[in-house]
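Heads up: the structure comes next, in structure tokens.
Proteins get letters first, then strands, A, B, ... in listed order; numbering begins at 1 in each.
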Amino acid sequence: MSLRPTVRPATPQLRRRILAWYQTNARNLPWRKTKNPYRILISEVMLQQTQVTRVLEKYHRFIRRFTSFEVLARASAAEVIRAWSGMGYNNRSVRLRELARIVRDRFNGRLPSRVDELLLLPGIGRYTAHAVACFAFGQRVPLADTNIARVLARLFPGEGPDPWSIADRILPRRHVYEWNQALMELGATICTAARPKCTSCPVVRMCPSAFSIAARKATLHKKERGRNGIPNRIYRGRIIELLRKSNSRGRGLMDIGRGVKPNFSAADHKWLVTLLAGLERDGLIQSRNRGNSVVLRLAS
DNA sequence: AACTCGTGGTT
DNA sequence: TAACCAAGAGT
């Protein structure tokens, strides 16, 4: 019996090369210069489905205005929603404030550090829980986001569709913070979805997919039929954006509808009412009927 | 488990 | 220009 498997995994070399590459190629991102759990959490939630360049614009202003869980918990929903302007997925801002209140009321103002505790908080799923555990609390946990999933799928084709199991298998003992950041960095800057820069890749020699951009599997997904084929969330966003500017509008539904949808007609009334109910249910707005008109405002 | 939730840049 | 894409989460 041999002392080691006949086919030695290439992971040691893979780790070395990727970590070395990261050392000299890491972007200078503000959330990489702190281990403050609050700031790490804010950055990770902002980064959900949102480009780094967009987050960079808003991150500083947000944490300067809301400096801690305590401050964020004390703010009104409307304030937080306004500060979220331009970020998209406005539900995240509401959940972030709810999270801050839970941390204040039930965790003595300190963010839990364990993954299983983090997962119970609103707006925190598997990715964010692991990211916070690793980046803020230094824990040795694997990480898989869309970048890492793409990198691993190209490096290890045929190991199944679950990036988490691969990430777990190749996770190094040490330098886990740098490792997880490096995998994301590689996916974001080199191993990109559209035109991977294989000539600049530190592990091109170990990559079965090098220079063979996997034919984008025809994304079968998402109908998202709204009005005229435009998803409802677009109109939701327009309503929120309107309310960010003018706090309250006491007008007819017709006026509100015309404010967010061209050619808004009486036939769209029911649709708009449903839309507003959804926004209210999500804690983004409050609406009151006042006779023949409606008063809308951002939630308090 | 498919669907929904913004926003704006890139192709 | 229409489609795609971006540090996912909730239902």
Next item on the list: Can you figure out which of C:dA7, B:dC5, B:dT7 approaches the side chain of A:Trp31 most closely?
Entry: C:dA7
Item checked: Along DNA chain B (nearest heavy atom to each residue), the more 5'-positioned of A:Arg195 and A:Leu275 -> A:Leu275
Next item on the list: Would you indicate which nucleotide in C:dA7, C:dG10, B:dC5 comes nearest to any side-chain atom of A:Arg95?
Entry: C:dG10
Next item on the list: Identify which nucleotide among C:dA7, B:dC5, B:dG8 has an atom closest to any side-chain atom of A:Val52, counting heavy atoms from C-beta outward.
Entry: C:dA7
Check: Are A:Gln48 and C:dG8 close enough that a side-chain N or O sits under 4.0 Å from OP1 or OP2?
Finding: no
Check: In whole angstrom, what separates A:Leu121's CG from C:dA9's P?
Finding: 12 Å
Check: Under 4.0 Å between a side-chain N/O of A:Arg150 and OP1 or OP2 of C:dA6, yes or no?
Finding: yes
Checklist line | A:Ala188, nearest nucleotide to its side chain (from C:dA7, C:dA6, B:dG6) | finding: C:dA7
Next item on the list: Using atom CG of A:Leu298 as one end and atom P of B:dG6 as the other, report the distance to the nearest whole Å.
Entry: 13 Å
Checklist line | A:Arg97/A:Glu79 salt bridge by N-O under 4.0 Å criterion | finding: no
Note to self: Checking contacts here: which listed nucleotide (B:dG6, B:dG8, C:dA7) is nearest the side-chain heavy atoms of A:Leu47?
What the structure shows: C:dA7
Notebook entry, point to check: Roughly how many Å is it from CG in A:Leu120 to P in C:dA9, rounded to a whole number?
Noted result: 14 Å
Next item on the list: For B:dT10 and C:dA7, measure between their P atoms and round to the nearest Å.
Entry: 14 Å
Check: So does A:Asn180 get a side-chain nitrogen or oxygen closer than 4.0 Å to the phosphate oxygens (OP1/OP2) of C:dA7?
Finding: no
Checklist line | Touch class at under 4.0 angstrom, heavy-atom based, for A:Gly237 against every strand present | finding: sugar-phosphate
Notebook entry, point to check: Looking at A:Arg238 and A:Glu241, does any basic side-chain N land under 4.0 Å from a carboxylate oxygen?
Noted result: no
Checklist line | Whole angstrom value for the distance that separates C1' of C:dA6 from CE of A:Met87 | finding: 11 Å
Check: For atom C1', what is the distance between B:dG6 and C:dC4, given to the nearest Å?
Finding: 15 Å
Check: For A:Tyr89, which of A:Gln49, A:Arg95, A:Gln48, A:Arg233 qualifies under side-chain hydrogen bond (donor to acceptor under 3.5 Å, both in side chains)?
Finding: A:Arg233
Check: Atom CG of A:Asn91 to atom C1' of B:dC3: distance rounded to whole Å?
Finding: 14 Å
Next item on the list: Look at A:Arg32 and C:dA7 and indicate whether a side-chain polar atom (N or O) is within less than 4.0 Å of OP1 or OP2.
Entry: no
Item checked: Whichever of A:Thr192 and A:Gly123 has its nearest DNA chain C nucleotide further upstream toward 5' -> A:Thr192
Notebook entry, point to check: If you check every side-chain atom of A:Asp145, which of C:dG8, B:dT7, B:dC5 has the closest atom?
Noted result: C:dG8
Margin query: Does this structure show an ion pair linking A:Glu280 with A:Arg288, if we count only N-O contacts that are shorter than 4.0 Å?
Written below: no
Check: With respect to the side chain of A:Tyr89, which nucleotide from C:dG10, C:dA7, C:dG8 is positioned closest?
Finding: C:dG8
Next item on the list: Please determine, for the side chain of A:Arg27, which listed nucleotide (B:dG8, C:dA7, C:dA9) has the closest atom?
Entry: C:dA7
Margin query: Rounded to whole Å, how long is the line connecting atom CG of A:Leu29 with atom C1' of C:dA7?
Written below: 10 Å
Next item on the list: Name the orientation class of the two ring planes belonging to A:Phe264 and A:Trp271 (parallel below 30°, tilted from 30 to 60°, perpendicular beyond 60°).
Entry: tilted
Notebook entry, point to check: Is the distance from OP1 or OP2 of B:dG6 to the nearest side-chain N or O of A:Thr50 less than 4.0 Å?
Noted result: no
Next item on the list: In whole angstrom, give the distance that lies between atom CG of A:Leu243 and atom C1' of B:dG6.
Entry: 15 Å
Check: A:Arg236 has an atom CZ; how far is it from atom P of B:dT7, in whole Å?
Finding: 10 Å
